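Fair warning: this is a prediction, and the values are worked out from it, not measured in the lab.
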Amino acid sequence: MFDIVILRVIWWVLLGVLFMGFAVTDGFDFGAAALMPFVARDETERRIVLNSVGPVWEGNQVWIILGAGAIFAAWPYVYAVAFSGAYFAVLLLLLTMGISRPVSFKYRSKLPNIFWRRFWDWIVFIGGLVPAILFGVLVGNVMQGLPFYFDQSLRINYSGSFISLLNPFALWCGLTSLTMLVMHGGLYLAIKTNDPIRSRAISWSRCAAILLILLFAGGGIWSAYFLTGYQVVSGVDPYGFSNPLHKEVVPMVGAWVQNYSRYPLAMIVPIGGFVGALGAYLMAKRGTSRLAFILSGMSLMGVIGTVGVSMFPFILPSSINLPSSLLVWDSSSSELTLLVMLFSVVIFLPIILLYTAWVYRALRGKVNRVSIEQNKQAY
């Protein structure tokens with residue numbers, strides 16, 4: 001039905017779709033949490049912000065679980081390198097996104113003590129801020145290449161450290177990620193809340209949209225003229241078995257913009273990132289929050305898609321042993337595994353999408369001061 005080349009490309013696209021789904025859904029949770037100290041001025045307003053994302057954030061995290069599962073099953077070499085090499089970064093993500101944030105949502109309302117609630121409010125803020133930055137930092141390091149190599153037995157050796165991840169380009173990407181999610185989260189709050197929270201959220205979102213455009217453009221210039229990327233020059237067989245050691249790779253400044261000259265239609269992806277952010281800025285100014293939120297989501301997909309399109313066929317380059325770099329063509333699971341997983345996705349992904357759509361429809365409407373003050377059991 002599908003040969004191994006088509007299956008590899010399909011799973012490369014699906015991996016991007018899962019990451020985009022995570023950014024568009026759980027991304028506004030992070031953005032709303034990072035904005036909470038700036039848009040909420042009293043206890044009731046803080047509870048309004050928390051209750052706008054409280055019913056949906058757990059379901060939104062399904063996307064990152066699906067993404068990690070897809071990497072594990074479809075791209076085992078990538079999973080092994082990323083999750084073991086960047087172990088402390090992944091651990092920090094788990095501590096902030098997967099542990100402290102859920103605990104803060106559940107615990108802050110257990111006691112009326114002011115110190116207790118302010119403590120958990122700051123944990124909510126950190127749980128939104130740190131992952132938003134850290135995801136961008138990790139993407140920035142992927143674009144530069146991680147310091148790993150495979151020996152002849154395909155055992156992984158990693159020589160990096162957590163501190164080495166915090167380099168200038170990666171931090172630039174982290175700020176880009178933060179502004180992207182703040183823009184998205186603020187527009188979500190504009191849909192779910194009334195003034196004065198709504199007007200404050202729109203103001204922050206519009207500022208974040210402008211910063212996103214500037215940072216995204218700066219990242220593109222950095223990638224084109226200063227950042228060392230990678231290019232495959234020989235030894236790749238798209239139909240071959242997965243073994244990353246049979247190719248020749250060379251470093252090249254500007255390698256990550258080569259695909260746009262080879263495939264001019266690919267420019268649609270970064271243009272979508274810019275147009276979405278600019279549209280979100282303009283529509284937020286007009287007060288059309290829903291359209292602005294949709295355009296914000298388009299911007300997120302454009303920014304994330306730009307990374308994938310720019311790096312193709314690379315998934316995870318190596319900065320210290322170039323042949324060990326992982327490509328779409330030499331780091332996937334077997335043809336049978338990819339095919340069985342594809343059938344599973346075709347069956348279950350529509351169910352997840354339908355259920356998610358139903359949940360958001362059931363929970364539509366604004367969270368207001370009256371409903372929060374009358375419901376003592378809310379967050």
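- Ring to ring, Phe135 and Phe22 are close: their centroids are under 6.0 angstrom apart.
- Other residues sharing the hydrophobic cluster of Ile347, ordered by chain and number and joined by side-chain separations under 4.5 Å: Phe348, Ile351.
- The environment of NZ in Lys366 is crowded: more than 12 heavy-atom neighbours from other residues, nucleotides or ligands sit within 6.0 Å.
- Put simply, the side chain of Ser331 never gets that close to the backbone of Val78: no donor and acceptor are under 3.5 Å apart.
- Met97 places none of its side-chain heavy atoms less than 4.5 Å from the side chain of Leu134.
- No side-chain donor from either of Ser84 and Tyr79 sits under 3.5 Å from a side-chain acceptor of the other.
- Taking CE of Met183 as the start and SG of Cys207 as the end, the distance is 12.5 Å to the nearest 0.5 Å.
- Residue Leu363 comes nearest to Pro55 through the heavy atom pair CD1-CB, 3.6 Å, listed as atom of the first residue, atom of the second, then distance.
- Closest approach of Val367 to Ser52, counting heavy atoms only: CG2-CA, 4.0 Å.
- Listed here is the closest heavy atom pair of Ala255 and Gly229: CB-C, 3.7 Å.
- Looking at every heavy atom in both residues, Ser333 comes nearest to Ile4 through O-CD1, 4.3 Å.
- Between atom CG of residue Asn194 and atom CD of residue Glu45 there is a gap of 11.0 Å, rounded to the nearest 0.5 Å.
- Among all heavy-atom pairs drawn from Ser205 and Val182, the shortest one is OG-O, 3.9 Å.
- Following chains of ILVMFWY side-chain contacts shorter than 4.5 Å, one can reach Leu300 starting from Val13, so the two form part of one hydrophobic cluster.
- Residues Val257 and Ile315 share a single hydrophobic cluster, defined by chaining ILVMFWY side chains whose heavy atoms lie under 4.5 Å apart.
- What you find for Ser223 and Phe169 is that their closest heavy atoms are OG-CZ, 3.8 Å.
- Between Trp116 and Tyr107, the ring planes lie parallel to each other; the angle is under 30°, not in the 30° to 60° tilted range.
- Aromatic rings from Phe312 and Trp329 are positioned such that their centres are separated by under 6.0 Å.
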What's the verdict on side chain to side chain contact (heavy atoms under 4.5 Å, CB included) for Leu66 and Ile352, showing C-alpha distance, side-chain angles and the deciding distance?
CA-CA 11 Å; Leu66 290 174; Ile352 294 172; 3.8 Å; yes

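- No side-chain heavy atom of Val328 sits under 4.5 Å from any side-chain heavy atom of Trp11.
- Between Arg46 and Arg117, the closest side-chain pair of non-hydrogen atoms is not below 4.5 Å.
- Salt bridge absent: Glu335 and Arg8 never bring a charged side-chain N and a carboxylate O closer than 4.0 Å.
- Rounding to the nearest 0.5 Å gives a distance of 11.0 Å between OH of Tyr360 and OH of Tyr355.
- With rounding to the nearest 0.5 Å, the separation of CG in Leu295 from CG in Leu282 is 9.0 Å.
- Leu35 places none of its side-chain heavy atoms less than 4.5 Å from the side chain of Val49.
- Note on ring orientation: taking the six-membered ring where Trp is involved, the planes of Phe28 and His184 are tilted (angle from 30° to 60°).
- Distance OH/Tyr239 to CG/Asp3: 5.0 Å, rounded to 0.5 Å.
- In summary, the aromatic rings of Tyr87 and Tyr158 are positioned with their centroids too far apart to meet the 6.0 Å limit.
- Leu316 is listed as a side-chain neighbour of Phe148, based on a closest heavy-atom distance under 4.5 Å.
- Residues Ser324 and Pro244 are not in side-chain contact: their nearest non-hydrogen atoms beyond the backbone lie 4.5 Å or more apart.
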Worked check of side chain to side chain contact (heavy atoms under 4.5 Å, CB included) between Asp330 and Leu245:
CA-CA 9 Å; Asp330 63 12; Leu245 299 180; over 6 Å; no

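- Between Tyr188 and Phe293, the two ring planes are tilted [angle within 30° to 60°].
- Between Phe314 and Trp256 there is a side-chain heavy-atom pair separated by less than 4.5 Å.
- Asn157 contributes atom CG, which lies 9.5 Å from atom CZ of Phe150 (distance to the nearest 0.5 angstrom).
- With hydrophobic clusters built from ILVMFWY side chains whose heavy atoms lie under 4.5 angstrom apart, Trp63 does not share a cluster with Ile294.
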Before you tell me yes or no, could you show the steps for Leu342 and Phe2 under side chain to side chain contact (heavy atoms under 4.5 Å, CB included), namely the whole-Å CA-CA distance, both residues' side-chain angles and the distance that decides it to 0.1 Å?
CA-CA 10 Å; Leu342 181 60; Phe2 297 116; 3.9 Å; yes

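- Atom OH of Tyr149 sits in a sparse spot, with 12 or fewer heavy atoms from other residues, nucleotides or ligands closer than 6.0 Å.
- Counting heavy atoms from C-beta outward, Leu14 and Val345 have side chains that approach closer than 4.5 Å.
- Thr96 places no side-chain N or O within donor-acceptor distance of the main-chain N or O of Gly127, the cut-off being under 3.5 Å.
- Other residues, nucleotides and ligands place no more than 12 heavy atoms under 6.0 Å from the CZ atom of Arg286.
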Begin from the C-alpha positions of Ile210 and Arg206 and carry the test side chain to side chain contact (heavy atoms under 4.5 Å, CB included) through to its verdict.
CA-CA 6 Å; Ile210 294 300; Arg206 296 182 70 228; 6.0 Å; no

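- Heavy-atom contacts from other residues, nucleotides or ligands closer than 6.0 Å to CZ of Phe162 number more than 12.
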